[in-house]
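A short worksheet on the structure shown next.
What you see is a predicted model; the values in this text were computed from it and never measured. The figures that follow rest on heavy atoms only: side chains count, while hydrogens, waters and symmetry mates do not.
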Amino acid sequence: MILVATIVAVAYFSQEPPARPTPADIARRSPLPSCGDAALRPGAELQEPLTPSVIDCLSAGRERNGGEFALTLYTTEGDPIVYYLRVMAGTNDVDVLVDSSQDRFGGGPGRRRASCTIVELSADLLRDCIADS
């Protein structure tokens with residue numbers, strides 16, 4: 001009987017908690033042309049997924065209909081945090097929407113928004129913008 005109770009307890013406590021829904025203001029954000037998405041593997045440099053094609057796409061978005069690139073980073077515990085880098089036509093601003101709703105240990109509201117002014121987009125400046133958000 002103790003063995004069965006132990007197995008049931010281990011099975012119960014080893015289950016992943018249910019995923020929290022994406023915050024509404026992020027899920028319902030205005031659609032922009034996609035510049036792709038990437039997930040940063042552990043040990044990689046933050047600017048690695050910010051390739052020249054991503055920079056070109058976001059830069060072109062400033063001249064056309066805007067653009068968005070989604071970058072997923074992982075916490076030490078392996079929880080995803082998604083950074084949406086968004087640009088609009090005719091501005092030098094980069095809006096960063098951060099969805100940390102799946103961060104089980106983050107303790108925050110699950111979302112935040114930041115903005116950086118970057119005249120000429122580069123991997124280094126976008127990395128700094130992400131780090132500041």
task: Please assess D99 against S101 for the test side chain to side chain donor-acceptor pair (under 3.5 Å), listing each intermediate value before the final yes or no.
output: CA-CA 6 Å; D99 177 2; S101 60; 2.6 Å; yes

message: Applying side chain to side chain contact (heavy atoms under 4.5 Å, CB included) to V94 and R62, what does each step give before you reach the verdict?
response: CA-CA 10 Å; V94 176; R62 287 179 158 182; 3.8 Å; yes

- prompt: Would L85 and I130 satisfy side chain to side chain contact (heavy atoms under 4.5 Å, CB included), going step by step from the backbone distance to the final call?
  reply: CA-CA 8 Å; L85 304 176; I130 291 168; 3.7 Å; yes

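Looking at T75 and F105, their side chains never come closer than 4.5 Å, going by heavy atoms from C-beta outward. Side-chain contact between L97 and Y83 is absent, with no heavy atoms from C-beta onward closer than 4.5 Å.
Remark: D37 engages A70 in a side-chain contact (heavy atoms from CB on, under 4.5 Å) (not counting sequence neighbours). V54 meets the side-chain contact (heavy atoms from CB on, under 4.5 Å) test with T51, L58, F69; sequence neighbours excluded. With sequence neighbours excluded, no residue satisfies side-chain contact (heavy atoms from CB on, under 4.5 Å) with A89. Under the side chain to side chain donor-acceptor pair (under 3.5 Å) criterion, R29 pairs with E68, sequence neighbours left out. By the side chain to side chain donor-acceptor pair (under 3.5 Å) test, S115 is found to be paired with D95, residues two or more places apart in sequence or in another chain being considered. Residues satisfying the side chain to side chain donor-acceptor pair (under 3.5 Å) criterion with E48, sequence neighbours excluded, are R41. In this structure S122 satisfies the side chain to side chain donor-acceptor pair (under 3.5 Å) test with no other residue, sequence neighbours excluded. In this view, C57 and C35 satisfy the side-chain contact (heavy atoms from CB on, under 4.5 Å) rule, not counting sequence neighbours.
Hydrophobic cluster membership is shared by L125 and V98, with clusters built from Ile, Leu, Val, Met, Phe, Trp and Tyr side chains linked at under 4.5 angstrom. Cluster annotation: L121 is not connected to L32 through the hydrophobic network of ILVMFWY side chains, with a link wherever side-chain heavy atoms come within less than 4.5 Å. Hydrophobic clustering keeps L40 apart from V82 (ILVMFWY residues linked when any side-chain heavy atoms are closer than 4.5 Å, directly or through intermediates). I81 is connected to L126 through a chain of hydrophobic side-chain contacts under 4.5 Å among Ile, Leu, Val, Met, Phe, Trp and Tyr, so both are in one cluster.
Scanning all heavy atoms of the two residues, the minimum distance from M88 to S30 falls at CE-OG, 4.3 Å. Between I55 and L50, the shortest heavy-atom distance links the atoms CG1-O, 4.0 Å. Pairing each heavy atom of T72 with each of P80, the nearest pair is CG2-CB, 3.8 Å.
If you take CD1 on I118 and CG on N92, they are separated by 9.5 Å, rounding to the nearest 0.5 Å.
Other cluster members for Y74: none, since no ILVMFWY side-chain heavy atom sits under 4.5 Å from it.
With salt bridges taken as basic N to acidic carboxylate O contacts below 4.0 Å, one links D79 and R104.
The stretch residues 66-101 participates, sequence neighbours left out, in no disulfide (SG to SG under 2.5 Å) pair at all. For residues 119-131, every residue pair satisfying the salt bridge (charged side-chain N to carboxylate O under 4.0 Å, His left out) rule, not counting sequence neighbours, is listed here: D124-R127.
Side-chain N or O atoms of R113 include none that pairs as donor or acceptor with a backbone N or O of V96 at under 3.5 Å.
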